[in-house]
Structure formats: C-alpha cells, structure tokens
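Working notes for the structure below.
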Amino acid sequence: MPEKVYTRLVGDRDDRTDRIVEPNTNKAPAAQPPHPSKWGVKRKRHEKEDRALRVEETRTSTGTKPKDGTLAGNSAALPSLQRDVTSSSRERLRRNGRATIPDGQAPKRGSLKEKSLSLLSSRKALPIWVYADEIRKQLRGSKDVLLVVGETGSGKSTQVPQFLLDEPWCGGCIAVTQPRRVAAVSLARRVAEEMGTPLGSSSPASKVGYSIRFDTSVSPSTRIKFITEGMLLQEMLRDPTLPQYSAVIVDEVHERSVNVDLILGFLRNIVSKRQAVRGSRSLKVVVMSATADVQGLMEYFDDHPDAAAVGTEAQDHGSSWSGLPASGRSAGQNGEGKSDHLHERLSVCYVKGRQFPVKLHYLSEPTQDFVEEALKRVFQIHYKEPLPGDILVFLTGQDTVEALEALVNEYALGIEADVPKLVTLPLFAALPQAAQQKVFERCPPNSRKVILATNIAETSVTVPGVRFVVDCGKVKLKQFRNRLGLDSLLVKPISQSSAIQRQGRAGRDAPGQCFRLFTEDDYRNLQKRTNPEILRCDLSDALLKIKARGVQNVLEFPFLDKPPRESLENALLQLYHLGALNDDGSISDVGVRISRLPLSPTLGRVILEASSEDKDCLVEIIDIVACLSVENIFLSLATEEKKEEAESARRELMKREGDHLTLLATVQSYSSEQTDRKQWSARHFVSHRAMQNVMDVRKQLRKQCEQLGLCDTGIMLRQSEASEERSAAILRCLLAGFASNTARLLPDGSFKTLLGNQTVAIHPSSVLFGKKVEAIVFSEFVYTNRSYARNVSSVKLSWVDDVLASSS
DNA sequence: GAGCACTGC
C-alpha cells in the first residue's frame, strides 16, 4: 500500500543509492546531495556501521558512561545523595532539592555563608580547581566552545559553572544539562551550598536553581540552572536561540543520549550563526565528558562554516591544553588525537580524575555459562579476600540476577562458621524502591554484601563500598530494527568502554579488583565504544523535534553520528502517516501540536484524535496515554499463589475489550479513591509509585491540552459514563496513532499484522491472552524469542480498514 | 503460557 507514497517520500524502494530524499512534492525525488563534502569522511563510517548492524547483528551498545556524575568528587560527603539516586518519586526529589532549607523557612544568611566557607577547602582540593584560570582564559577570547574531559571525581560538574559566573561575557544565566533528574537536583543543591545561596524558588535572591519535568525551581536571580536534557530541548522549542543564556554547559556527553545529540546539534548551529541570530551577544558552549571521543567532538565543533582556518593555541598552556590527550590517561579511552590541527574556536582541557587502581583478571577459556562462572568467582573472592570489600556482579537482567541470587544463597548455607557471612542483594530497575534501598544499608558485622545488578549500577546507581567487580561481559539492549519496524531486546556483548566503566566501579573507595568473565582476546575483540542511542532507536520523535525547531531538511541537521538512511526514511514515513508532515515534507499543524506534547509522536497523535469533534474522549485517552508513558502499573508477582490472588483482586478492573480500557478503569478507580490510595494500590497489586507518576503525567497532559486549545478549561472535570459507543470511540483513537500496529486473526488462531503480514503473538501479560478476537491494535511490539504484542485491545476489522484506507 | 536493560519531556 504505501509503496506509492513511499516512493514519493523517500525514493524508490529498490533504489539503494547513496542518498536520502526528504519528503518532497516533486514527483520524482531529486537526488539530493546528502550533505556538504566535509561530512564525507564521517558518512563512510556510518555506512559501515549501518551495514555491520544489518548483517551481523552481533555488535552491541548501550549508553556507556563513566561515573555517576552526580557530585563528582564529593559524593562521599553526601551520604543521603546515594539513596536519592535510586528514587524517582517527585516527593523524594523535592526533599532532596530542598534539604538545606528546612520546612521552607528562610535560612539565615550567615549560616549559608558559613557553610559555603567550610566547603571551600574541599573544593580547592578537587582536581579541576587548578584549571579555573585557564578555563576562564580560554573562553574569554574568541573561543566559543570548550571541551572538558574529566575523569571520575574531577569536580567538573559542580565547579566549572562557578568558574564562569563572574566572567565579563557572562551577563545572563548558565545552563548545565544533565541526563538524569536526580543528578540535576542534587547538583543544584550542592552548588547552592557551595555558593552560600538559597536554592531555587525558595528565595528571590537564589542564584542556583534547577528545572526538571514536573518541578522547576528557579528565582528571578537564578544564574546557574541545572536542567535535564529534555527540559532544555523544550525550552529550545519556544526560544530556539536561547537568548536568556550566556553559556550552556553540556555535561555527561559521553553517555550520548539522543537528547544530548540533539542539543549538541542545535548548539552547533547557534554558535556558528551567533552573529546573525543573537546579535553581538555570544553564546559560550562547554562540552563535558568523562571518556571523550574527543576527536569526533573537536571536528564536530571546529567544522562550522565560518571557522577560520588556523589559530594559535595551546602552545603556552602545557600538555593539558591541546588537541592531544595528556599522557597518563587510562588505557582504552580512545586517545588518538590530531596533534597538528590548531583550533580557532575551540579548546580542550583534560583533567585527571581520582580513581584508585583496579587489578584486572580474565578467564583463560571462554565460558558458556556466566551465571555459573560468576558463582565460582563470588565464592573465590569471598574466601580469599579479607573484609571490608563488597562484591558487585554485573548481569544482564532480572532473570539472571534471580538465578544467581538463588545459587549464591544455596551455597552460602554451607559457609563455615568462622568465615564471614554473605548477604545477597538484587538490584534492577523493576525492583520496588524499598528493596533497592537495601544496597545502601550497612550489612551486619562480619559479613560481605554481594550486589547482583543489571546495567543500572553502571551509571544510574553508585553503590558504595564495592572493591570487587565481577563482569559477565554482556548487556541486554534495545535495538530498533528498521526492516521490521520493531524493537528487539537482545543480550549482546558489551563494548570496551562499558567494560572499563564497570571495572571502575571497584576503585571508588580503595584499590580494587575486577574479574571479567571472558578472555583477554574477547576483550580485544569488543567494539571500542557503545553505539550511540541515535544509531539504534526509532527516530520519529527526534526528527519531529528537529523539524519543529525550524530545520526543514533533516539532512542539514549536524548529527554527531549520522543515523543510517533506513532509519531516517522510516521515521519520515511514520511521521507522514501520522499526519505530522505535509506532502512537501514540512511540518504540519498536527505535527507542531504533537511536538509540543511530552509524548512519542504516536501517543501525541492519539491525543489529537481524541480531541476531535466526532471522537470527543480526551479525558479518557489522557488517562490511558499517561499509563502507557510510565512504567508498568501492574506489579509482577513471583509466586503462583500471589498471581491468583492478584487476578481476583483485579477482576473488577479487567475489561474484555483489552488492556487499554483496563488501564483506564484502573486510573479511574484509583483516582476516585479519596481516602488511602496507597492501600488501594496494595489491595489491587498495583504499583503506587507508578500510579503517582500516572497522576503527574495526567495533570501535565490536561494542562498542555488546554494550552494547545484541544479542549475547554474545565472539561476534564466531566466524567462520562462508560458505554459501548464510548469504548468504541476510545479504541478508534488508538487506531489513529497505531494503525501500523494492527493484526487480524487467522483461522489457525494466530495473528498476522495487516501491514507487513508478520506473525505476532499476544503477550501473556495481556488480558486478551488466549482470546480469539477478529482484530487487535497494540501500543507496543517487542521481539524477544518471538514477536509479542503488548498492551493489546480488541477492535473491529472494519475500523482498521477505515483507518488504513484513509491514511494511504 | 512469557519473562523488559536504562533514561527523559
């Protein structure tokens, strides 16, 4: 069906020449030059990666990143921070952010100043401190961009913004981006303490604030604002040139989230066009990274059109200031530099971190069973190495964590009385909060903790007291497959940078050891870096954001790593089918409105459909969409007994139409509970934390829908009676966003997608599991061992036909 | 009759 549209949008399907063609009204897609010639070298690399990806599918990646980044160099002084790192609840974040201001009372100025003075000596001890003058000097001249490469504990996140604050060019605000919300809040709190100023909105004189979803805390005097990447992108949507900022510091760039890639692209455009767009006022950009692909970043920022050919730099600044990495950086950090290239607009600063040495051990032979191997290693360490020193084991998922937990506990029963005890602690994101907290608690005397963790311990959570790391060398990661248009979740080998990051977790408190459950040869054969997320995800959201910020031709967007052509094509087509793009490829009114919503384009489209006159079910759809945009609200249960109990407790919520109306019934029931929602959640085996998030999202979406003019003020108070017609309208809204996620029943009882004719199975977690209905729509499609549809609803085949007919 | 790593607006 969309063959004709496809051809118009992106060229002939069989025409695999080297080009990407934007949606265009021209009948024949013109062969557009993909990008200026200077991108030639980079493009080759992407093509290679693209091919490798499609052909072998064995390479891997995930956001790799050294350090928790939350308070480099100071985390030991802030034990409470560690706990907050695992929390996602807003209340906790709030408390965290306001820890210095008890109960909202205005703090005494003197006490703040005293505290600030007492912190000064520890600040001066940070490795970054001696670079303060140099950093200022570099940005004072014609340099607009500074790269800071700082290893763990260098103090760059807290100190660099303070170094710049009183510079003559810095009249406005400094934004410091963070990938995680907790980091933004805790860094803001720390910097406010160091500066002796109240935090955020607590006082009009406050100089340090933060901005995260659901919680922005700034004052009229805010000069330093810690902000999540997503929030800065939202600000850029309103004000593409960021006029209120004198500087943007982009932290944790090595993690290479999609958001950070977009931010870097927009900043690069602003910097190179700054005269024209911002008048005489310049915008300084500081890019901070732990393990930098410095070469790529330098070329990226140095490559802008008006950069002068040659500059003088670095000659008198010593070895830390140049295009060449200073000696003594850790192995494996991609140290190749381009020494003969001098930069006009750009300088680089290398700062050594504080990390204890970690001794490496490899297997002599590869293992088939890393759980078994990890078990051996844990007991070997436990018997051989004296206390203190906890063990952190990196595994792939909940299944392997629980398997090893059972094994360790079983063998631990046989530990002799005169040997210390072992305390096993699982750690993964789906684990309830209280259980996660246990890894931060002190364990009984004469015992050793064994933390069995997923990738969550690689960046998001820093476990104190670890001196031994056992690394299985694998990671479970999501990969978007363009051919099939679906996500797969597969276990893959980690990258070298990821292995180094895991190893570093043993050297935070004292010298440590890392046991890699693979051979040294295996290590050498690992990919150097993890593929950045932008190369392995669905790009429709990113491309819509780019278009919404006024970049008409997405090929003009300076991607640090250019995504494969197939991904770009796919995303453009998807946006077109959603109605977010016009026939000429420009963003449509629908697209503009979708881009304003904090949702994926598909969910945004469902919202818009629900606001239309004939559907008119926005209230209900918002509840459903809110559920789909947070973690699973239904607790997964371990035992058969619990499962049966949960099934009967949830019976009143289950709807025969499917999972979406079940979610709606759950939200409606939860929100009508006025006395004790926590207890209600426990009774129905529903995650209270997830439901709190649902209510936050619901509130935000309601407000934004009003602002977008999708509904009248107060309409949300109206609760319509459930009815057949109502249910039908709701399901038809879902079809508007998920037309491609539809399947019909075959005589043999299996389902085949209407587009693509692929077999899908209803996931066993669905209320429709095992049911036979003529057609289904699903909001999630995941390939693990087979293709599964999750969050499934029953629809009429005729509705699907209507939607498919109208969109092609 | 399966089993999902991790962020974020």
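Numbered from 1 within each chain, the chains take letters A, B, ... in sequence-line order.
Here A:E229 contributes atom CD and A:R180 contributes atom CZ; the two are 8.5 Å apart, rounded to the nearest 0.5 Å.
Nucleotide B:dG8 holds its C1' atom 12 Å from the CG atom of A:L262, rounded to whole Å. The separation between A:R213 atom CZ and B:dG8 atom P is 10 Å, rounded to whole Å. Here B:dC9 presents its P atom at 10 Å from CD1 of A:I227, a figure rounded to the nearest Å. B:dC9 atom C1' lies 11 Å from atom CD1 of A:I263, rounded to whole Å. As a whole-Å value, the separation of A:R790 CZ from B:dA2 P is 14 Å. Separating the CG atom of A:D251 from the C1' atom of B:dT7 is a distance of 15 Å, rounded to the nearest angstrom. Note: NZ (A:K703) to C1' (B:dC9) measures 13 Å, nearest angstrom. When the P atom of B:dC9 is taken as reference, atom CG of A:D215 falls 10 Å away, rounded to whole Å.
Ion pairing between A:K545 and A:D541 holds under the 4.0 Å rule for side-chain N and carboxylate O. In this structure, A:R702 does not pair ionically with A:E706, as no charged nitrogen and carboxylate oxygen lie closer than 4.0 Å. A salt bridge does not link A:R256 with A:E533: none of the charged nitrogens is closer than 4.0 Å to a carboxylate oxygen. A salt bridge does not link A:D215 to A:R181: none of the charged side-chain nitrogens sits closer than 4.0 Å to a carboxylate oxygen.
Between A:Q234 and A:V782, the residue whose closest nucleotide on DNA chain B is further toward the 5' end is A:V782. Nearest-nucleotide positions on DNA chain B place A:T454 closer to the 5' end than the other of A:P598 and A:T454.
Considering A:L392, A:I451, A:V393 in turn, A:I451 is the only one that fulfils the side chain to side chain contact (heavy atoms under 4.5 Å, CB included) rule with A:L427.
The side chain of A:A429 has B:dC6 as its nearest neighbour among B:dC6, B:dG8, B:dA2. In this structure, of B:dG8, B:dA2, B:dC4, it is B:dA2 that holds the atom nearest to the side chain of A:Y788. Looking at the side chain of A:K478, the nearest of the listed nucleotides B:dC9, B:dC4, B:dA5 is B:dA5. Considering only side-chain atoms of A:R786, the nucleotide from B:dG8, B:dA2, B:dC6 that sits closest is B:dA2. Side-chain proximity of A:Q398 to B:dA5, B:dA2, B:dG8: nearest is B:dA5. Looking at the side chain of A:R181, the nearest of the listed nucleotides B:dC9, B:dT7, B:dA5 is B:dC9. Picking from B:dG8, B:dA5, B:dC4 the nucleotide with the shortest atom distance to the side chain of A:E780 gives B:dC4.
Contact annotation for A:L233: no contact, since no heavy-atom pair falls under 4.0 Å across all strands.
Contact between the side-chain N/O atoms of A:S257 and the OP1/OP2 oxygens of B:dG8 is not found at any separation under 4.0 Å. Contact check, A:K476 against B:dC4: a side-chain N or O comes under 4.0 Å of OP1 or OP2. An OP1 or OP2 oxygen of B:dG3 is reached within less than 4.0 angstrom by no side-chain nitrogen or oxygen of A:S765.
Between the side chain of A:E631 and the base of B:dC6, no donor-acceptor pair under 3.5 Å is found.
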